[in-house]
Amino acid sequence: MPVPVRIPPRRTVGDVLAGLGALVVLVLLIAGVPYALLTLAGPPLSPELLTLDLFTSEIGPSTILAVLVLLVWLAWFQLLVCVVVELYAGVRRVGMPRRVPLSGGTQVLANRLVSAVLVLFTASAVAVPAASAATRVEAPRLAPVTYAAPVAEGTVETVTTTKKVYVVQPPHGRHHESLWEIAEKCLGDGRRYPEIYRLNQHKAQPDGTRLQMADLIRPGWVLDMPDDARNVHTVPRDQKRVDTLERFPGRATPTEARAEAPKEARTGTAAIGAPAESPAKPETRQPAAPPAQTPKPAAKPAAPETTTPKATAPETPATTPALDLVDYLAGASLAAAGLLLALGRRRREQLWRRAFGHRLSRPRGDAAKAEVALRLGADAPGTRMLDIGLRLLGAELAAQNRTPPTVYAAHLSSRTLDLWVHPPQADAPPPWTAGDGGQVWRLPAHEGRLLEEQPGGAPYPGLVSLGADSSGRILIDLEAAQGLIAVTGPQTTAALAALAVELATNRWSDRMRITLVGFGEELTAIAPERIKAVGGLAEVLPELEATAAPRAEVLRGRVTGSPRDAHYLLCAVAPTQEEASRLALLARKDSAGYVVAGEVPHATWTIQITDDGRARVPELGLETTAQLLPRRHYQALVELFTTAEHLDGEAVPEAEPLDIRQPPAVEIRMLGPIEIVGVDPLEEGRMVLATELMVYLATHPGGVHPVVLGGVLWPRGVQTMVRDATIARVAEWLGPEHLFTDEAGRLRLGPGVRTDWELFRELVRRSHSDETARAVLLERALGLVRGPLLSGRPRGRYAWLAADELEYDVSAGVADAAHRLCEVRLAHGEPDAAVAAVRAGLLLAADDEGLWRDLLRATHATGDLVRLRAVVEGLTRRSASHPYGGGMAPETEALIDELLPSWRIHVVRESTA
């Protein structure tokens, strides 16, 4: 087969003419327009606009003309700024230019003109390396080109049965390729980058990783390209992927960096090539109205990948890099928020039984990485808005004596929550508004986030994420199908597992039952009160048939205060013909949701999971990136929740002796709001990252390799030059005596840097052996506590704490110190000082139930029953409104019964007042 030949890029006559024309237009716009304005209309601010009578006198034609002239001047100035920005990006080769606010069309025009002009000066420079490379027999990698400089066709196809591929280039200086730039260079329009993303999502790359996020690509990756792409290589269309990768071997990071980097950190150094701003908002595809509920023609059901009733875990790709835990779990933002809420409840129950001198059992390995991913991706504000917005909607409809409409899909973004209802209704209750002829009910995010908690019932517990794209998260209501929902494709069990986890942990459902058939027995560890796993359909069909109820009746009951359990069946085994028929009849008359893997007859909706990880529902016109839970992620979550069931805890390690005679030159305060004392703050925008870097190094005194540090601070990946520049900036800020690299290449903080936690541990350590000064030392240690650990940290940062021992050690250490000081003060007959000691510990360890019992005992010792009753009432209110729920520990209630027997009467009176 003939080898494709590289045609050297060159500047054509058309390029020259276009460049000269663009140069003339630029000169006319930049110089000619202001000259004409000054000559014909005068300066931007005419005398009419500078008089104080402008706002009181009648507006005449001269004033209107002056305003119009000012607007023209402003438009010209906006164009000038755009031209300067585009020219800087093109000349300096910085990649994506900055976006000028409110200048979309103007900046596009400036980009086209500047790009054409740059061809006159840059095309020849680009042609030199490309021409020399064309002499090779094998089609070479393309030479890097400047941003915005168009080049000639990169390949010529000598046969028709070929496809096109592109090799991601290594960074050059500050420039690093992104999908936007590749689309602009190869397809002529950066806004076509989603086409490249869809062609390559989840496909294996030379370094063993896969494309999971549109803004995360690595040098050396081989990307399949659309047929009209330029500046690409051609390969036989029928060539296997593995053969293509062998032909274009690449690597994710420089060999030297990977050789010296610890294994566990290598996946955290991927380069982010896309600009911070979203280059273009993809079009949001509105789902079609739900079709009439007519059954599909009967067909023999194809068996899904799980064909026996044996309980199984979801499948996983053959190669799953560590970064996938972040990609999958952090991407499931609503499920992540629900999982963290459920995990918080377990941890609170662990704290009820924590023994003195022990910390909670902490997750390790993949379980710890899973919690890091959950913290990174959890969308708590979005989850809250979805929950409260739906409850408010139900309450308003109930007040109007209306039955809630069928919501078959929803779209949640940072700006709005949209519900697609059927049939359309134009009278949405406020603050919801109706659009598209009443088919869409919308709640703006700025209003939804200000809503107060609603006591009403949850009208749509079956809403669950189908997936998400850059435009937002798409949900479907499993009940709205009013029939069977089939899930087809290569990862059906992973899709079912993702549905199960979100359904079992979401906060917009009240009474929920989920039956898993043929898989997911381990998922009961996450939500045992909601999830039940069985081996086959025969075990549950009779119960489902006996409890079926019409949807309209159930919807009305949910908002009027007489709800029944929401029930969802997720089946990973192929039903028999009889079971399929019974399920289809049941699904049509019942309000429950029925989801079955594989091609099943009579399915109303079909969720198609494609090979590249897309989810499609043709009946609704929906398509998005699928929310999946493969085997490794499934097992990591189960292990995470299993760890939260360990009640024995782990012994807190002894602190190493510390010399505290001299005050530190730089102090990092973590026991409360984050503060750095001893150095001037960095400029705005850089202090947050610098502080987190210092906190991590301070809590890992053995030293941290820069690659590991990069994976910690940028868990989704970062360019090496960005990481190194950040470290260098902090080193310059602190000085070489406070931040340096040791002989092993690890970063360390100098002895002049100390944390308040280190001082706290040293004071507590000394109190163990000095009985006479014990109270003073413990009081001095607790005086360092100013609030929750690292409070005020930005959302999305410090996710590494989930995999670190710091949180566990600090909360246990502070609670134990407060408990010990309380006992010392009570032994000396100083109950008020004992109360003060406990309250100091509660500033940081507010969920430690042992401290609350200490507070009750110390307050009772004061002999002030009014004060004791106030503590009991405060503890009762806190337990009732705690975000993790669960009330009080039994031991705490028993102690209150002993110290204040009448407390329950007062609580009842207060709740009914």
- Any side-chain heavy-atom pair of Ile668 and Asp756 under 4.5 Å: no
- Item | Interatomic spacing from CG in Leu875 to CG in Leu855 - rounded to 0.5 Å | 8.5 Å
- Item | Salt-bridge contact Arg346-Glu645 (side-chain N to carboxylate O under 4.0 Å) | yes
- Would you say Asp897's side chain and Pro901's backbone share a donor-acceptor pair under 3.5 angstrom? no
- For the pair Glu849 and Arg353, evaluate salt bridge (Lys or Arg N to Asp or Glu O under 4.0 Å) and give the outcome as yes or no after the intermediate values. CA-CA 8 Å; Glu849 202 84 0; Arg353 297 167 175 82; over 6 Å; no
- More than 12 heavy atoms of other residues, nucleotides or ligands under 6.0 Å from CZ of Arg780: is that the case? no
- Message: Run the side chain to side chain donor-acceptor pair (under 3.5 Å) test against Arg530 and tell me which residues pass, sequence neighbours left out.
- Response: none
- Message: Could you check whether any side-chain N or O of Arg391 sits under 3.5 Å from a backbone N or O of Ile388, counting only pairs where one atom can act as donor and the other as acceptor?
- Response: no
- Quick one: does Val677's side chain get under 4.5 Å of Val666's, heavy atoms only? no
- Are Tyr798 and Ile674 close enough that some pair of their side-chain heavy atoms sits under 4.5 Å apart? yes
- Message: Strictly distance-based, threshold 3.5 Å: is any side-chain N or O of Arg716 a donor or acceptor partner for the main-chain N or O of Gly711?
- Response: no
- Could you give the distance from CG (Leu821) to CD (Glu779), rounded to the nearest 0.5 Å? 6.0 Å
- Query: Considering only heavy atoms from C-beta outward, does the side chain of Pro706 approach that of Leu747 to under 4.5 Å?
  - Reply: yes
- Query: Passes side chain to side chain contact (heavy atoms under 4.5 Å, CB included), Leu697 versus Leu739? Steps please.
  - Reply: CA-CA 9 Å; Leu697 292 179; Leu739 178 57; 3.6 Å; yes
- How far apart are the closest heavy atoms of Glu371 and Tyr808, and which atoms are they? OE1-OH, 4.2 Å
- Task: Output, in order, the C-alpha distance, side-chain angles, deciding distance and verdict of side chain to side chain contact (heavy atoms under 4.5 Å, CB included) for Thr699 and Trp800.
- Result: CA-CA 12 Å; Thr699 54; Trp800 53 268; 4.2 Å; yes
- Message: Using side chain to side chain donor-acceptor pair (under 3.5 Å), reason through Thr892 and Arg853 one step at a time and then give a plain yes or no.
- Response: CA-CA 6 Å; Thr892 306; Arg853 292 193 286 271; 3.0 Å; yes
- Does any donor atom in the side chain of Asp366 or His633 lie under 3.5 Å from an acceptor atom in the other side chain? no
- Between His700 and Asp804, does a side chain to side chain donor-acceptor pair (under 3.5 Å) hold up when you go through it step by step? CA-CA 10 Å; His700 296 78; Asp804 199 89; 2.7 Å; yes
- Message: For Val785 versus Leu843, what's the shortest heavy-atom pair and its separation?
- Response: O-CD1, 3.9 Å
- For the residue pair Thr643 and Ser361, what are the closest heavy atoms and their distance? CG2-O, 3.7 Å
Identify every side-chain donor-acceptor pair in residues 725-733 under 3.5 Å, counting partners at least two apart or on other chains, and give the distances.
unit_1, atom_1, unit_2, atom_2, d
Thr726, OG1, Val722, O, 2.9
Trp733, NE1, Asp680, O, 2.5

- Message: Please evaluate residues Arg686 and Glu683 with respect to the criterion salt bridge (Lys or Arg N to Asp or Glu O under 4.0 Å), reporting the C-alpha separation (whole Å), side-chain torsions for both, the decisive distance (0.1 Å), and the verdict.
- Response: CA-CA 6 Å; Arg686 290 179 172 175; Glu683 58 268 31; 2.5 Å; yes
- Return yes if some donor-acceptor pair links the side-chain N/O of Arg669 with the main-chain N/O of Thr755 below 3.5 Å, else return no. no
- Begin from the C-alpha positions of Asp770 and Arg774 and carry the test salt bridge (Lys or Arg N to Asp or Glu O under 4.0 Å) through to its verdict. CA-CA 6 Å; Asp770 191 344; Arg774 179 172 299 165; over 6 Å; no
- Any chance you could measure Glu893, atom CD, to Glu898, atom CD, to the nearest 0.5 Å? 14.0 Å
- Charged N to carboxylate O below 4.0 Å: is that the case for Asp648 and Arg354? no
- Criterion salt bridge (Lys or Arg N to Asp or Glu O under 4.0 Å) on Arg857 and Asp854, from CA distance to verdict: CA-CA 5 Å; Arg857 294 188 189 96; Asp854 286 337; 3.3 Å; yes
Name the atoms and distances for all side-chain donor-acceptor pairs under 3.5 Å in residues 826-840, with sequence neighbours left out.
unit_1, atom_1, unit_2, atom_2, d
His828, ND1, Val824, O, 2.8
Glu830, OE1, Arg825, NH1, 3.0
Asp832, OD1, Arg867, NH1, 2.9

- Message: For a 4.5 angstrom cut-off between non-hydrogen side-chain atoms, does Thr524 reach Lys532?
- Response: no
- Message: Is it the case that the side chain of Asp510 and the backbone of Gly457 share a donor-acceptor pair, with hydrogens and angles ignored and the cut-off at 3.5 Å?
- Response: no
- Item | Sidechain N-carboxylate O distance under 4.0 Å for Arg375, Glu807 | yes
- Task: Give a yes or no on whether a salt bridge exists between Glu656 and Arg761, defined as a side-chain N under 4.0 angstrom from a carboxylate O.
- Result: no
- Message: Minimum heavy-atom separation for Arg345 and Tyr884, please, with both atom names.
- Response: CG-O, 2.7 Å
- Message: Quick check: closest heavy atoms across Ala500 and Leu523, and the distance to 0.1 Å?
- Response: CB-CD1, 4.2 Å
- When rounded to the nearest 0.5 Å, the distance separating CZ of Phe760 from CG of Leu784 is 7.5 Å
- After noting the C-alpha distance and the side-chain angles of Leu899 and Thr859, does the key distance pass the side chain to side chain contact (heavy atoms under 4.5 Å, CB included) rule? CA-CA 10 Å; Leu899 301 179; Thr859 306; over 6 Å; no
- pair Leu647-Gln350: side-chain heavy atoms closer than 4.5 Å: yes
- Query: Taking it one step at a time, do His738 and Leu749 satisfy side chain to side chain contact (heavy atoms under 4.5 Å, CB included)?
  - Reply: CA-CA 5 Å; His738 296 319; Leu749 292 178; 5.7 Å; no
- Query: Are Arg786 and Glu675 ion-paired here, with the side-chain N under 4.0 Å from a carboxylate O?
  - Reply: yes
- Do Leu503 and Ser509 come close enough that some side-chain heavy atom pair is under 4.5 Å? no
- Message: Check this for me: does any side-chain nitrogen of one of Glu667 and Arg754 sit under 4.0 Å from a carboxylate oxygen of the other?
- Response: no
- Measure the spacing between CG of Leu390 and CH2 of Trp508 and express it to the nearest 0.5 Å. 8.5 Å
- Task: Using a strict cut-off of less than 4.0 Å between a Lys/Arg side-chain nitrogen and an Asp/Glu carboxylate oxygen, indicate whether Arg507 and Glu453 qualify as a salt bridge.
- Result: yes
- Query: In terms of side-chain geometry, is the basic nitrogen of Arg359 or Asp809 positioned less than 4.0 Å from the acidic oxygen of its partner?
  - Reply: yes
- Query: So with a 6.0 Å cut-off around CD of Glu771, is the heavy-atom count from everything else above 12?
  - Reply: no
- Taking the side chain as C-beta and beyond, is there a heavy-atom pair between Leu343 and Arg347 under 4.5 Å? yes
- Query: Between Arg820 and Glu823, does at least one N-O distance fall below 4.0 Å, as a salt bridge requires?
  - Reply: no
- Heavy-atom pair of closest approach, residues Leu851 and Ala845: CD1-O, 3.9 Å
- Item | Salt bridge Asp864-Arg869, side-chain N to carboxylate O under 4.0 Å | no
- Message: Looking at Glu650 and Arg364, is there a salt bridge between them, counting it only when a charged N and a carboxylate O are closer than 4.0 Å?
- Response: yes
